[in-house]
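The structure appears right after this line, and notes come after that.
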Amino acid sequence: MQEARFIFENTKINIDSGAVTWEAPSNIALVKYWGKKEHQIPANPSISFTLTNCKTTTTLHYELLSSPSEKFQFEVFLDGEQKEEFKPKIAAFFDRIVQYVPFIKHFKYSIYTHNSFPHSSGIASSASGMSALALCIMSIEKKLNPELSEIEVIQKASFLARLGSGSACRSLEGDLVCWGTHKEIPSASNLYGVKFPYKVHEKFKNYQDTILLVDKGEKQVSSTVGHNLMHNHPFAENRFAQAHDNLSKLITVFETGDLLSFIEIVESEALTLHAMMMTSLPYFVLMKPNTLQIINEIWSFRKASGLHLCFTLDAGANVHLLYPESEKEPVLEFINNKLVGYCQNGHYICDTVGFGAKQL
Ligand code: DP6
């Protein structure tokens with residue numbers, strides 16, 4: 001079993017209390033992860049840009065217990081305020097990872113977390129939040145096992161983060177991370193994210209992601225429910241094959257800097273993701289009228305300007321605008337003149353591709 005190498009067997013606990021802080025960014029998928037097997041194994045490979053400004057900062061205080069506890073003891077605070085409602089997700093995360101990090105039973109925890117983006121922005125904090133927490137736990141493992149290398153820490157943190165939320169395993173490093181086995185990427189794994197190993201054209205350096213906040217409400221359907229609807233989905237097999245193909249095509253696009261092909265692949269991936277939602281049983285629609293308005297505006301703008309602005313979508317109504325840094329000025333002008341009107345309270349967030357998590 002490949003997972004076995006992530007089990008940390010040591011039973012000697014020679015530290016008693018302390019605190020560690022990590023910040024981890026969000027990421028935006030270009031080829032989407034949608035559909036999974038047991039134990040958070042993705043049904044298809046995905047690739048994402050790591051972001052910079054949308055991030056979670058987490059401080060984990062740990063204190064040695066007199067004897068290991070069967071039930072995890074922790075409290076969690078968001079911006080200083082205790083959050084009972086976050087506990088079930090974190091307890092489930094601890095349950096899933098304890099076999100790989102058995103020392104976690106020996107401590108009780110206070111988790112202090114802060115998101116750079118507003119909680120009610122419709123931007124999921126699970127990717128940045130789970131990767132920051134996984135890294136804090138790996139910092140404890142590193143104290144117990146100082147021989148662990150930086151690479152091992154990052155890889156196991158990605159492995160643990162995946163068990164919390166699949167896409168979180170792509171938030172540890174940058175600037176492009178793939179997750180899920182693929183015939184042209186021998187280093188890729190279903191168990192953790194890896195840095196995209198091939199050449200990336202200058203045009204993709206500092207790529208911009210402006211997130212238009214169309215709907216800041218809670219999602220009606222969680223990603224986990226959506227993934228499960230890919231079981232017995234009539235188009236599932238074709239969709240998974242398409243993701244493999246699109247990742248192959250992106251390898252070439254990243255090398256050549258062919259932005260028109262990039263746009264076609266990325267927009268098709270976003271629309272396919274939502275098409276899968278609309279064609280599952282039960283079916284559901286996460287786009288809002290303004291999502292479609294924005295998409296049409298982008299297409300008209302692209303035709304008229306010849307610029308390389310495109311969109312992608314997550315499992316929600318917000319629109320991520322992707323464009324090269326060199327086109328920033330006219331695109332921002334277009335956003336401010338036109339697209340801002342489709343955003344809830346005129347809100348949008350400017351982000352750019354980044355390089356992963358940092359210990360503070
Ligand atoms: C649409 O990672 O949130 O953003 O593993 O159930 O926590 P769980 O799902 P999650 O799914 C994200 C799906 C997506 C596409 C992507 O990021 O690849």
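Both counts, for ligands and for their atoms, begin at 1 and track the order of listing. When reading the values below, keep in mind they use all heavy atoms of this one structure, side chains included, and skip hydrogens, waters and symmetry mates.
Salt-bridge check for Lys32 with Glu269: failed, with every basic side-chain N at 4.0 Å or more from each acidic carboxylate O.
Looking at His201, its side chain never comes within 3.5 Å of a backbone N or O of Gly257 through a donor-acceptor pair. Without hydrogens or angle criteria, Gln40 side chain to Arg162 main chain gives a donor-acceptor distance under 3.5 Å. Here the side chain of Tyr112 pairs no donor or acceptor atom with the backbone of Thr57 at under 3.5 angstrom.
Counting only N and O atoms by type, the side chains of Ser171 and Asn27 include a donor and acceptor under 3.5 Å apart.
For a heavy-atom separation below 4.0 Å, the residues in contact with ligand 1 are Ala29, Lys32, Tyr33, Trp34, Lys36, Gln40, Ser165, Gly166, Ser167, Arg170, Ser223, Thr224, His227, Leu273, Asp314, Ala315.
Screening residues 328-360 for ring pair (Phe, Tyr, Trp, His ring centres under 6.0 Å) gives Phe301-Phe334 as the qualifying pairs, with residues at least two apart or on separate chains.
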